[in-house]
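Quick notes on the structure that follows.
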Amino acid sequence: MRQRSIFALVDCNNFFVSCERVFRPDLLARPVAVLSNNDGCVVARSNEVKALGVPMGAPYFKHKSVFERHGVKTFSANFRLYGDMSQRVAQTLGQFSPQTEMYSIDESFLDLSDLEIEDLQAWSNGVAKVVKRHTGIPVSVGVGASKTLAKAATELVKQERKDSGGGLSLVSLQNEYPASGKLKNLPVGDVWGIGRRFEAKMLGYGIRTAYDLAALNDRWVRQQLGVVGLRAVKELRGESCFGIHQGSSLDGQKSISATRSFGKGVGSLHQLESAVASFVARVAVKLRSKDQLAWQMGVFIQTNRHRPPYQTFTGQACLTGPSSNTTELTRQALTVLRRMYDSDFSYKRAGVFVNSLVSADSQQLPLVGDASNMLDRLNSQDRLMAAVDSLNSRYRGAIGLAVRGVDSRADWQSRRRNVSPAYTTSWNELPRVGAKGF
DNA sequence: TCTGGGGTCCTAGGACCC
DNA sequence: TCTGGGGTCCTAGGACCC
């Protein structure tokens, strides 16, 4: 008989900010924020910035004066750096359980069900210490009988806002559900699976905490919050509904996209073509890096969301066969774009997506035509694309189709005024010893 | 002037079929 | 007084996650 489930969630504290601080220890006790593309939104906040009352995802311009008044150091998002740091954390976690799932760039679940750990509370604190020592990233470690409870535990740890990180186990041998007496301290909106809408609905009924939520009647929950909400509630009671997906949550993903808001409004078809072509290139690289091919692709262009009339144009193309070939995908994308382009509008955002993905090695050859010819052609395309990918990873963005354009100051390019160096992935960007903070 | 980007799953309703 | 009914597929929209 399988024993009960036990999960841990390791959640990196203020992850993007913590990454920047690893290489800028001078910023450790100072307020720091990381901004999204175009320096538009606040996507990571140090505890000092949280204390200023700046919410997650807030438009930067609305808080700019507060930032200046308090000397908040801001960075433009540097995803190459964060991705690399994320890998380091994941690697460290591998030593604590053979069953790990990288859930997002800053969170991993560990399955502890089959491990013999006597003191889960001490264990969780230990994990936090080791990760901090190995990577410099402070983490919150939560342990529970379900993923949702593990998640709840990390939320409770984070309430303490300790810069060094720490752990909490909600699993005790004596009692399970009432052990969640601690859940009285967790606001209902902080429960995994309860977003803004569901939170408002629950508050309307006087349900304020995770504890209140767990005590509700199943049928009523099903009615109000659907099967998703019901699962969340069951998980809160320690009834595990979700297992571990070994590897990454994104393994076997169903779609891939590349979308961006533009630095300025873009009206000309020529510029949109250049933007879309560069998005296709990104998507195709992602496809190839995952050994995937797509049967379907789509393009969308949008006007400014905050300035009515807001318009979105979307078009889809069915490919003649599954592909990850940049040239072919670009041709299709541009056809779609030209078909739906309307010169009366100025566009602020565009994107390219692919779906109906299949694994490249399970690719079916066409039923008609000379299969060996087809194979040759596919192989030569594969080799070309592999060569392009390898050159581009070494000399970032060196090679591309001409339509993509080469003007890095084009209107559609994002503004990123304060990017930190690629400390961990580019020798050229390593600071000299003795420079500020080293 | 200035508001991110990448995903998933569920549900309701319409089309279509027998 | 009556205008079937059930299954399946697709799509759009809404909710959620980080």
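Atom set for the values below is all heavy atoms of this structure, side chains included, hydrogens, waters and symmetry mates excluded. In what follows, chains carry the letters A, B, and so on, assigned in the order in which the sequence lines appear, proteins first and then strands, with residues in each chain numbered from 1.
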Intra- and interstrand pairs of DNA chain C - dot-bracket, Watson-Crick/G-U under 3.5 Å, | marks other strand: ....||||||||||||||
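Counting non-hydrogen atoms under 4.0 angstrom, A/Lys151 reaches the backbone sugars and phosphates but no base. Residue-level contact check: A/Arg231 touches the backbone only, with heavy atoms under 4.0 Å from sugar-phosphate atoms and none from bases. Contact annotation for A/Arg417: no contact, since no heavy-atom pair falls under 4.0 Å across all strands. At the heavy-atom level, A/Val34 lies nowhere under 4.0 Å from the strands shown. The residue A/Tyr60 sits apart from the nucleic acid: no heavy atom pair falls under 4.0 Å. Across all strands shown, A/Ser249 has no heavy atoms under 4.0 Å from either base or sugar-phosphate atoms. Residue A/Leu35 is classed as having no contact, given no heavy-atom separation below 4.0 Å to the nucleic acid. Nucleic acid contact for A/Lys348: sugar-phosphate only, since backbone atoms but no base atoms lie under 4.0 Å from a heavy atom of the residue. A/Ile256 comes within 4.0 angstrom of sugar-phosphate atoms only, judged by non-hydrogen atoms across all strands, and of no base. Within 4.0 Å (heavy atoms only), A/Ala258 reaches sugar-phosphate atoms of the nucleic acid but no base atom. The residue A/Lys254 sits close only to the backbone: its heavy atoms come under 4.0 Å of sugar-phosphate atoms, none of a base.
Figure legend: A/Lys264 and A/Phe262 shown without cation-pi pairing, the cationic atom not lying both under 6.0 angstrom from the six-membered ring centre and within 45 degrees of its axis.
The 5' end of DNA chain B is approached more closely, in terms of each residue's nearest nucleotide, by A/Asn304 than by the other of A/Asn304 and A/Arg282. Each of A/Gly226 and A/Asp39 was matched to the nucleotide of DNA chain B holding its nearest heavy atom; the match closer to the 5' end belongs to A/Asp39.
In this model, no donor atom of one side chain and acceptor atom of the other lie less than 3.5 Å apart for A/Ser323 and A/Asn325. Judged purely by distance below 3.5 Å, without hydrogens or angles, the side chains of A/Asn47 and A/Asn14 pair a donor atom with an acceptor atom. For the 3.5 Å distance criterion, the side chains of A/Ser104 and A/Glu107 qualify, holding a donor opposite an acceptor. For the 3.5 Å distance criterion, the side chains of A/Asp11 and A/Ser140 fail to qualify, holding no donor opposite an acceptor.
Of the listed residues (A/Asp39, A/Asn38, A/Asn37), just one forms a side chain to side chain donor-acceptor pair (under 3.5 Å) with A/Ser76, and that residue is A/Asp39.
No salt bridge links A/Arg237 with A/Glu239; every basic N to acidic carboxylate O contact stays at or beyond 4.0 Å.
Taking the C1' atoms as reference points, C/dG4 lies 15 Å from B/dC16, given to the whole Å.
The span of DNA chain C lying next to chain A, judged by atoms under 4.0 Å from heavy atoms, is bounded 5' to 3' by C/dA15 to C/dC18.
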Which donor-acceptor pairs under 3.5 Å do side chains of residues 126-135 of chain A form with protein atoms, sequence neighbours excluded?
{"unit_1": "A/Thr135", "atom_1": "OG1", "unit_2": "A/Val131", "atom_2": "O", "d": "2.7"}
{"unit_1": "A/Thr135", "atom_1": "OG1", "unit_2": "A/Ile137", "atom_2": "N", "d": "3.1"}

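Taking the six-membered ring wherever Trp is involved, the centroid distance between the rings of A/Phe7 and A/Trp192 does not fall below 6.0 Å.
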